[in-house]
Amino acid sequence: MTTDDHIVFIVDDDARLREALSELLDSHGIRAAAFGSAGEYISADKPDVPACLILDVELPDINGLDLQAQIAKGDHPPIVFITGHGDIPSSVRAIKHGALDFLTKPFSDSDLMAAIKAAIAEDREGRSARAQLALIRRRYLELTRREREVLPLVVSGLLNKQAAAELGISEVTLEIHRRNVMQKMAAASLADLVRIAERLEIPITHSRRPGGNRP
């Protein structure tokens, strides 16, 4: 019985191989969707679940390596290349541009399944990280203009009175803004807020540590 919480996309122009791979994945309880060309894969509706893309290098429309480059700027599943015409330059190019593995036909079922499971796990982790970052960004957008000014001063390590002086406000007002920032960003501690600021790539321009301002 296959599960719907992840999927493997197969792009290969060999119908017999597509069928064999689909049957192999089904035997492991993994749903598969097979395509005979890059164009079919690109135009197909795809479920929004963790996935792996098994991609042949030689395809009837465009080269698999070119497809990898074409989809690189968007969110796409980790790629496992398979090919009957493997060469070092192709494998180096594939791995350099993010492919998880490069298997030369004939390959063993165990090697392929290991690569697929690693790819799905990697995609699941990546999706979770992207979802968390999107949530943090939404919380940041809910901050007021003043709270966005307070945040980098707080994570820089300035004392409340130093941050208040920097903004020309009272220390009490600064403390109110700081508390609001912590609550809105769901930060349990200052260390937590610092980690959040780092993920948002908020520049830290002040420091009370020796050395003064950062560049």
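In terms of heavy atoms, Leu65 sits closest to Ala94 at CD2-CB, 3.7 Å. Between Ala187 and Ile196, the shortest heavy-atom contact is CB-CD1, 4.1 Å. Residue Arg137 comes nearest to Leu200 through the heavy atom pair CG-CD2, 3.6 Å, listed as atom of the first residue, atom of the second, then distance. Scanning all heavy atoms of the two residues, the minimum distance from Ile10 to Ala32 falls at CD1-CB, 4.2 Å. Arg93 and Gln68 get closest at one heavy-atom pair: O-OE1, 4.4 Å. Closest non-hydrogen pair, Ala38 versus Val11, comes out as N-CG1, 4.0 Å.
Using a 4.5 Å cut-off on side-chain heavy atoms (C-beta onward), Asn160 and Val154 make no contact. Under the 4.5 Å side-chain criterion, counting only non-hydrogen atoms from C-beta, Pro47 is in contact with Ile7. Looking only at side-chain heavy atoms (C-beta outward), Arg146 and Ile176 stay at 4.5 Å or farther from each other. Side-chain contact between Leu53 and Val8 is absent, with no heavy-atom pair separated by less than 4.5 Å.
Under the 3.5 Å distance criterion, the side-chain polar atoms of Asp123 are matched with a main-chain donor or acceptor of Ala51. Checking side-chain atoms of Glu147 against main-chain N and O of Thr144 turns up a donor-acceptor pair under 3.5 Å. Side chain of Glu166 to main chain of Gln162: no donor-acceptor pair is present (N/O by atom type, distance under 3.5 Å, no hydrogens or angles). Between the side chain of Thr173 and the backbone N or O of Ile169 there is no donor-acceptor pair closer than 3.5 Å.
Atom CD1 of Ile42 sits about 7.5 Å away from atom CG of Asp61, to the nearest 0.5 Å. The CZ atom of Arg178 lies 8.0 Å from the CG atom of Leu193; values are rounded to the nearest 0.5 Å. With rounding to the nearest 0.5 Å, the separation of NE2 in His177 from CG in Leu167 is 8.0 Å. The line from CD1 of Ile120 to CZ of Arg127 is 11.0 Å long, rounded to the nearest 0.5 Å. Atom SG of Cys52 is separated from atom NE2 of His6 by 10.5 Å, given to the nearest 0.5 angstrom.
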**OP:** Give the intermediate values and the outcome of side chain to side chain contact (heavy atoms under 4.5 Å, CB included) for residues Ile79 and His76.
**Re:** CA-CA 8 Å; Ile79 297 173; His76 65 85; 4.0 Å; yes
**OP:** List the steps, then state whether side chain to side chain donor-acceptor pair (under 3.5 Å) holds for Arg199 with Gln132.
**Re:** CA-CA 10 Å; Arg199 295 201 63 188; Gln132 185 180 30; 2.8 Å; yes
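Put simply, the residue from Leu55, Leu17, Thr104 that forms a side chain to side chain contact (heavy atoms under 4.5 Å, CB included) with Ile82 is Leu17. The only member of Asp14, Asp111, Asp12 that meets salt bridge (charged side-chain N to carboxylate O under 4.0 Å, His left out) when paired with Lys105 is Asp12.
A cation-pi arrangement is present between Lys46 and Tyr41, with the terminal nitrogen or guanidinium carbon under 6.0 Å from the aromatic centre and inside a 45° cone about the axis. For the pair Arg18 and Phe35, the cation-pi criterion (under 6.0 Å, within 45° of the ring axis) is not fulfilled.
Taking a 6.0 Å sphere around CG of Asp48, one finds it holds 12 or fewer heavy atoms contributed by other residues, nucleotides or ligands.
No continuous path of hydrophobic side-chain contacts links Leu135 to Met182 [ILVMFWY only; heavy atoms under 4.5 Å]. A continuous path of hydrophobic side-chain contacts links Leu190 to Val181 [ILVMFWY only; heavy atoms under 4.5 Å].
Arg145 has a carboxylate O that lies under 4.0 Å from a charged side-chain N of Glu149, or vice versa, which qualifies the two as a salt bridge.
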